[in-house]
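The next block holds one structure in the form of structure tokens; read it before the comments.
Chain A is the first sequence line, chain B the second, and so forth, proteins listed ahead of strands; every chain is numbered from 1. What you see is a predicted model; the values in this text were computed from it and never measured.
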There are 2 protein chains.
Amino acid sequence: MLNNNINLVAILKEYGIKPSIQRIEILEFLIENRIHPNIEAIYSILVEKMPTLSKATVYNTLDLFAKNGLTNRLFIEANEVRYDIRTDRHGHFKCEKCKIIHDVEIYNLDTEINKNDYKGMIYAEEINYRGLCEACAK
Amino acid sequence: MLNNNINLVAILKEYGIKPSIQRIEILEFLIENRIHPNIEAIYSILVEKMPTLSKATVYNTLDLFAKNGLTNRLFIEANEVRYDIRTDRHGHFKCEKCKIIHDVEIYNLDTEINKNDYKGMIYAEEINYRGLCEACAK
DNA sequence: CTCGCAATTTAGAATAATTATAATACTATT
DNA sequence: AATAGTATTATAATTATTCTAAATTGCGAG
């Protein structure tokens, strides 16, 4: 536990983020629950351990994590942002019935933006699928 | 103009949508303005031609269009949905400064979802990039 | 060690997009 | 023209997010 916390602090520092109890707890949640949670999911679990936790802190912390490259924001659904601690190149598949988001491996992707439109720089790539998972497809 | 309207009506019917003035106007707007508009952009322009237009109608119409496969909904940004009349496979690039969304051609994309997670069906694919376009990159 | 400052967190208000609701208007058919 | 079903409108309600100002925390200088 102590070891684990030291580890979490090291990760935060590596990304230039000053550790605080809230930030450590949120990072720990993201690492141990690879469910691409939304704000509500993170808040509702953590507020039990930390009764004074504010939802604004969860927003602030995840904005900070995203800005520093520690997490990605996923816009796989209208009206809510999901957060992902895995930052290597991969896509997502969301089952529209059970709402679970699965990781998708990406191969051979090659894209071309019209040369007249674009020669700038790309910050983020997002590859999303929506449908029904096997269990829900029946 | 009359010819054009007949054409728009035919498109709506082809997708099983009963034509109404509002639906024709919204479809015409999408076809003639390939800007991946959000609801506000569509509403604010069309309300000048049709002063009684309600924003709820714009929402209803675009939901209907999307359900019937006439348009796609793009979740390229938090907190707003963009609408696209082009439905063949392609991606998008959004400049975070000027907010313009460009089409992106997709080649050789090959994906794999973990076999244990997924054998269901896919409804929608969305490939988005965010960054700065050439003009804004300076 | 403790004081002061800056950063962080908190609570709640404000905002913005979307959805729901109920009344009105329209359309097509008889 | 009457009717039934559908579409549109106006508005209220909801939800996610952002903003704001005050309270709290924690670190560094003395």
- B:Arg82 and B:Glu77: salt bridge (Lys or Arg N to Asp or Glu O under 4.0 Å), yes or no, with the steps? CA-CA 8 Å; B:Arg82 298 287 201 118; B:Glu77 179 96 359; over 6 Å; no
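With sequence neighbours excluded, the residues forming a side-chain contact (heavy atoms from CB on, under 4.5 Å) with B:Lys55 are B:Ile39, B:Glu40, B:Tyr43, B:Tyr59, listed by chain and number. Listed by chain and residue number, B:Gln22, B:Arg23 satisfy the side-chain contact (heavy atoms from CB on, under 4.5 Å) test with B:Ser20 (two or more places apart in sequence, or in another chain). With sequence neighbours left out, B:His92 forms a ring-ring contact (aromatic ring centres under 6.0 Å, His included) with B:His36, B:His90.
Counting heavy atoms from C-beta outward, B:Ile85 and B:Tyr83 have side chains that stay 4.5 Å or more apart. When side chains are defined from C-beta on, A:Ile127 counts as touching A:Ile106, because their heavy atoms get closer than 4.5 Å.
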Write down the protein N/O and nucleotide N/O pairs, taken from nucleotides 12-19 of chain D, whose separation is under 3.5 Å; answer none if there are no such pairs.
from   : atom 1 : to      : atom 2 : distance (Å)
D:dT17 : OP1    : A:Val81 : N      : 3.1
D:dT17 : OP2    : A:Tyr59 : OH     : 2.8
D:dT17 : O5'    : A:Tyr59 : OH     : 3.3

Polar atoms only, N or O, under 3.5 Å: list the protein pairs with nucleotides 2-6 of chain C and their distances.
none

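Note that the CG atom of A:Leu27 and the CG atom of A:Leu8 stand 5.0 Å from one another [nearest 0.5 Å]. Atom CD1 of A:Ile35 and atom NZ of A:Lys99 lie 15.0 Å apart (nearest 0.5 Å). Taken from CG in A:Leu53 to CD1 in A:Ile26, the straight-line distance is 6.0 Å, to the nearest 0.5 Å.
Partner of B:Arg86 under the side chain to side chain donor-acceptor pair (under 3.5 Å) criterion, chosen from B:Asn72, B:Thr71, B:Asp103: B:Asp103.
In this structure, the CD atom of A:Glu25 is 16 Å from the C1' atom of D:dT25, given to the nearest Å. Atom CG of A:Leu62 and atom P of C:dT8 are 15 Å apart (whole Å). Remark: P of D:dA10 and OH of B:Tyr43 are 8 Å apart, rounded to the nearest angstrom. Per the geometry, CZ belonging to B:Arg82 stands 15 Å off C1' belonging to C:dA16, to the nearest Å.
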- Once base and sugar-phosphate atoms are separated, protein heavy atoms under 4.0 Å mark nucleotides 3-8 of chain D, 5' to 3', with B, S and - as ---SSS
